[in-house]
Amino acid sequence: MKKNNADTVVVLDFETSGLSPDMGDRAIEIGAVLIEEGKITDRFQQLMNPGFKINSFIQQYTGITNSMLHNADIGSVVIKKFAKFIGKNNLVAHNAAFDRRFLDSEMAIAQKAYSGQFNCSMLLARRIYQNAQDHKLETLVRLKKLPISGTFHRALADTEMTAHLWLKMLEDLEVEYGVMKPSFEYINKLSKTPKHKVAILLRP
DNA sequence: TGCCAGGCCCTCTTTAGGGCCTT
């Protein structure tokens, strides 16, 4: 049965060859963690061979090299395994619009589908941490003193940090605003509320 | 690889432009 609480989700992060699947970019790594009732209970990480050589900027940015990708499974093989990992869970990513485009693109290539809805940790952070210097994942992780797991810009490390940020935001909503066990839909609504109206929505 | 995007949000707004965030 599908869980609709915000504390039961799959958090995911793609490393990619560029910014736009519509321009031919492909995923080169997927990382994900399953959070069940506020606890990380499973992990997924695989490199994905995009079928072409990635440029030097991406190699430097991610630390993923062409030689690492040479022996990796192709995207469609990996994404079929990942579809099983997702199951019917809802999904979370930092700047989810980006990861959703690549998930949709890779799923279409593999002729697979998923049923979960997306929530965005960046949009939620912009609402509840309005005074943060910016809302990059790294900035928020340091601001909230969350554990830095591995290297930034590798898929599983970014995913774990996004997961910790997600759980911290749920905790802060409860502790500071009395929002208990919010639904996924409530968080989605909160993430789309104009900033100047957030305080009204969250008033205990 | 391919010349590199797209959605959200703010404001000096809505007949628009530019910054943020992701790789």
Side-chain angles (χ1 to χ4, degrees), chain A residues 9-33 45-70 72 74-76 78-79 82 91-109 117-144 146 148 150-166 169 187-201:
Chain A
V9 295
V10 166
V11 182
L12 65 94
D13 181 66
F14 280 107
E15 304 306 313
T16 69
S17 66
L19 293 172
S20 174
D22 290 343
M23 301 296 287
D25 288 318
R26 294 290 303 270
I28 58 173
E29 187 181 42
I30 173 76
V33 302
Q45 179 183 32
Q46 279 217 265
L47 292 169
M48 302 164 76
N49 187 336
F52 52 80
K53 289 193 186 306
I54 58 172
N55 65 37
S56 57
F57 170 78
I58 295 296
Q59 291 185 76
Q60 191 162 30
Y61 187 79
T62 63
I64 297 169
T65 64
N66 281 305
S67 61
M68 291 165 68
L69 294 172
H70 182 71
I74 61 172
S76 59
V78 176
I79 214 71
F82 185 59
L91 303 159
V92 168
H94 201 71
N95 196 11
F98 176 86
D99 292 280
R100 184 174 56 200
R101 281 201 301 279
F102 278 94
L103 182 61
D104 289 351
S105 172
E106 295 295 339
M107 285 275 187
I109 290 168
Q117 301 295 305
F118 265 94
N119 241 323
C120 177
S121 54
M122 183 189 76
L123 293 183
L124 181 59
R126 281 180 177 171
R127 300 305 186 286
I128 67 175
Y129 303 138
Q130 294 193 20
N131 294 326
Q133 165 188 317
D134 60 53
H135 297 86
K136 293 181 174 75
L137 178 61
E138 182 166 356
T139 303
L140 294 167
V141 165
R142 295 188 193 285
L143 175 69
K144 303 310 291 184
L146 301 173
I148 294 174
T151 310
F152 283 103
H153 308 307
R154 281 301 297 270
L156 187 58
D158 279 3
T159 298
E160 300 244 13
M161 290 186 280
T162 302
H164 286 130
L165 174 63
W166 184 252
M169 290 193 289
I187 297 294
N188 202 5
K189 180 183 172 189
L190 180 58
S191 298
K192 292 176 179 172
T193 300
K195 274 186 183 178
H196 63 282
K197 292 184 178 174
V198 167
I200 299 169
L201 187 66

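Here is the naming used below: chain letters follow the sequence lines, and residue numbers restart at 1 for every chain.
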Separation of dG7(B) P from L124(A) CG (nearest whole Å): 21 Å

Donor-acceptor contact below 3.5 Å, side chain S105(A) vs main chain R101(A): no

Selection residues 9-23 of chain A - residue pairs positive for salt bridge (charged side-chain N to carboxylate O under 4.0 Å, His left out), sequence neighbours left out: none

Between dG19(B) (P) and Q133(A) (CD): distance, integer Å: 18 Å

Between D25(A) and T16(A): side-chain donor-acceptor atoms closer than 3.5 Å: no

Sugar-phosphate, base or nothing in reach of I54(A), heavy atoms under 4.0 Å: nothing

Side chain proximity check, K144(A) to Y129(A), heavy atoms < 4.5 angstrom: yes

Nearest-angstrom distance from the residue atom NE2 of H94(A) to P of dC8(B): 15 Å

Donor-acceptor contact present, side-chain E29(A) to main-chain A155(A), <3.5 Å: yes

dG7(B) and dT1(B), which share atom name C1', separated by this distance in whole Å: 24 Å

Any H135(A) side-chain N or O less than 4.0 Å from OP1/OP2 of dC21(B): yes

Span that lies between the P atom of dT23(B) and that of dG17(B), in whole angstrom: 29 Å

Side chains of Q45(A) and T159(A) in contact at under 4.5 Å (non-hydrogen atoms): no

Interatomic distance where CG belongs to N95(A) and P belongs to dG6(B) [whole Å]: 14 Å

Distance in angstrom units between N49(A) CG and dT1(B) P, rounded: 13 Å

Toward the 5' end of DNA chain B, by each residue's nearest nucleotide, D13(A) or S191(A): S191(A)

5' precedence on DNA chain B between R100(A) and P194(A) (nearest-nucleotide basis): R100(A)

Separation of dT23(B) P from E29(A) CD (nearest whole Å): 11 Å

Main-chain N/O of V198(A) paired with T193(A) side-chain donor or acceptor, under 3.5 Å: no

Atom pairs, protein N/O to nucleotides 3-5 of chain B N/O, distance under 3.5 Å:
none

Check: H135(A) and T139(A) side chains under 4.5 Å, non-hydrogen atoms: no

Touch class at under 4.0 angstrom, heavy-atom based, for S17(A) against every strand present: base

Inter-nucleotide C1' distance (dC20(B), dG2(B)), Å rounded: 25 Å

Residue L123(A), side-chain atoms from C-beta onward, closest of dT23(B), dC8(B), dC21(B): dC8(B)

Whole angstrom value for the distance that separates P of dC8(B) from CE of M122(A): 10 Å

Distance, C1' atom - from dC21(B) to dT15(B), rounded to whole angstrom: 29 Å

Under-4.0 Å side-chain N/O to phosphate OP1/OP2 contact, H153(A) with dT23(B): yes

Sugar-phosphate, base or nothing in reach of F57(A), heavy atoms under 4.0 Å: base

Pairwise C1' distance for dC4(B) and dC10(B), with rounding to whole Å: 26 Å

Nearest-nucleotide pick for R126(A), side chain only, options being dT23(B), dT1(B), dC21(B): dC21(B)

Rounded distance (Å) that lies between atom P of dT22(B) and atom CG of D104(A): 20 Å

Pairwise C1' distance for dG18(B) and dC12(B), with rounding to whole Å: 12 Å

